[in-house]
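Step one of this worksheet: look at the structure below.
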Amino acid sequence: MSRKIKLWKDPYDTGVGLFKKNTVALKPGVTVLIGCNGIGKSTFMKNIEENLKKENIPVMHFDNLTEGGSNARSESCYEGDFEFMATSMCSSEGENIVLNTMKLAGKIGGFIKTGIYDTRTNRFAKAFAAGLGRDTEEEKVISNERWILLDAIDSGLSVDNIVDLKEALFKTILEYSDGKEIYIIVSANEYEMANGEACFDVCHGEYITFKNYEEYRQFILDSRKWKEEREDTERQGE
């Protein structure tokens, strides 16, 4: 069963729509968002998240650029996980992404079971409320859907790391879904992430397949032309 998502018409008030369609349908399983940098993949994810939260559908959004790296080490320090922090500080960018993904996997497991994405911000808010003598009510999860949004998760990874990520994380999530309807939405920078997966053209709002790297490469180059045309239209409207 697919879910329809209503798209923002003009999220940045430029006078030009970011997406070609007003509504798109996304399928359960793994969907890889494709397009050049700046085409709107991250905005598309935020759009999905907003739609789902309005309907009280469980969604977790992990942005590797803001939650990985030094931020992941900061969270580990807050949690008292000094082993992770020390290992992370002595690791390369790619190794750090793998470490962060391993830590993320534990959170995903809890999210699938409860529908709640436990973050440091959530824990801080609960601790703050408890300090004021207030109770925080847990939101009741009714929907059987679980949406996992992973932004820039392949940034800095080698081909073998991406293959491992897809095998060890994505397939495991889908195999042990606890009876839930799982949607994994991933933004791709590398062909290996898109290879063999259901790819989604965020600009035109449709699924697309690639036979080989050359087809993917041409699509990315074409998407850059679309982005430049959109930017030219925006400048003309100023």
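Note that the structure is a prediction, hence the values are computed from the model and not measured. Position 1 is the first residue of the sequence, and the numbers go up from there. The figures that follow rest on heavy atoms only: side chains count, while hydrogens, waters and symmetry mates do not.
Looking at every heavy atom in both residues, V32 comes nearest to A188 through CG1-CB, 3.3 Å. Here the closest heavy-atom approach between residue G179 and residue N144 is recorded as O-ND2, 3.0 Å. Across every non-hydrogen atom of T43 and P11, the tightest pair is CG2-CG, 4.2 Å. The heavy-atom pair separating S177 from I112 by the smallest distance is O-CG2, 3.5 Å. Closest heavy-atom contact between L169 and A105: CD1-CB, 3.8 Å. Closest of all the heavy-atom pairs between S223 and C36 is OG-N, 2.9 Å.
Using a 4.5 Å heavy-atom cutoff, the side chains of V186 and D151 are not in contact. Within the 4.5 Å cutoff, no side-chain heavy atoms of S187 are placed close to those of S42. Under the 4.5 Å side-chain criterion, counting only non-hydrogen atoms from C-beta, I184 is in contact with I182. Contact annotation: the side chain of N195 never approaches that of F210 to less than 4.5 Å [non-hydrogen atoms, C-beta and beyond].
The side chain to side chain contact (heavy atoms under 4.5 Å, CB included) with C199 is formed by just one residue from the set V30, T209, I34, T31; it is I34.
We find the OG1-CG distance between T172 and L174 to be 9.0 Å, quoted to the nearest 0.5 Å. Considering CD of E145 and CD of E55, their distance stands at 8.0 Å, rounded to 0.5 Å.
For the side-chain hydrogen bond (donor to acceptor under 3.5 Å, both in side chains) test, no residue two or more places apart in sequence or in another chain qualifies with E214. In this structure D13 satisfies the side-chain hydrogen bond (donor to acceptor under 3.5 Å, both in side chains) test with no other residue, sequence neighbours excluded. By the side-chain hydrogen bond (donor to acceptor under 3.5 Å, both in side chains) test, K180 is found to be paired with D178, residues two or more places apart in sequence or in another chain being considered. Considering only residues two or more places apart in sequence or on other chains, D232 meets the salt bridge (charged side-chain N to carboxylate O under 4.0 Å, His left out) condition with R235. Listed by chain and residue number, nothing satisfies the side-chain hydrogen bond (donor to acceptor under 3.5 Å, both in side chains) test with N51 (two or more places apart in sequence, or in another chain).
The residues E175 and K171 are annotated as not salt-bridged, no charged nitrogen and carboxylate oxygen being separated by less than 4.0 angstrom. Comment: E181 does not engage R146 in a salt bridge, judged by the lack of any side-chain N to carboxylate O separation of less than 4.0 angstrom. A salt bridge does not link E229 with R224: every distance from a Lys NZ or Arg NE/NH1/NH2 to an Asp or Glu carboxylate oxygen is 4.0 Å or more.
For residues 22-50, the pairs satisfying salt bridge (Lys or Arg N to Asp or Glu O under 4.0 Å) are E49-K53, E50-K54, with sequence neighbours left out. Applying the salt bridge (Lys or Arg N to Asp or Glu O under 4.0 Å) test to every pair with at least one member in residues 182-210, sequence neighbours left out, gives these pairs: K166-E197. Among residues at least two apart or in separate chains, there is no ring-ring contact (aromatic ring centres under 6.0 Å, His included) pair with a member in residues 150-170.
Ring geometry for H204 against W226 counts as perpendicular: the plane angle is over 60°, on a 0 to 90° scale with 30° as the lower cut.
Other members of the cluster containing W8 do not exist, because no ILVMFWY side chain is joined to it at under 4.5 Å. L221 belongs to no multi-residue hydrophobic cluster, having no ILVMFWY side-chain contact under 4.5 Å with any other such residue. Applying the 4.5 Å side-chain rule to ILVMFWY residues, one finds I5, L7, Y12, L18, F19, V24, L26, L33, I39, F44, M45, I48, L52, I57, V59, L149, Y183, I185, F200, V202, Y207 in the same cluster as W147. Y176 belongs to no hydrophobic cluster with other residues, because no ILVMFWY side-chain heavy atom falls under 4.5 Å from its own, directly or through intermediates.
Formation of a donor-acceptor pair under 3.5 Å by the K9 side chain with backbone atoms of G17 is not found in this model. Using a distance-only test at 3.5 Å, with no hydrogens or angles considered, a donor-acceptor pair links the side chain of N47 to the main chain of K6. E167 places no side-chain N or O within donor-acceptor distance of the main-chain N or O of V163, the cut-off being under 3.5 Å.
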Could you walk me through whether I153 and L104 satisfy the side chain to side chain contact (heavy atoms under 4.5 Å, CB included) test, starting with their C-alpha distance in whole Å, then the side-chain angles of each, then the deciding distance to 0.1 Å, before giving a yes or no? CA-CA 11 Å; I153 198 163; L104 175 64; 4.2 Å; yes
Verdict with supporting geometry, D10 and T14, side chain to side chain donor-acceptor pair (under 3.5 Å): CA-CA 7 Å; D10 186 10; T14 62; 3.3 Å; yes
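Following chains of ILVMFWY side-chain contacts shorter than 4.5 Å, one cannot reach V159 starting from Y213, and the two form parts of different hydrophobic clusters.
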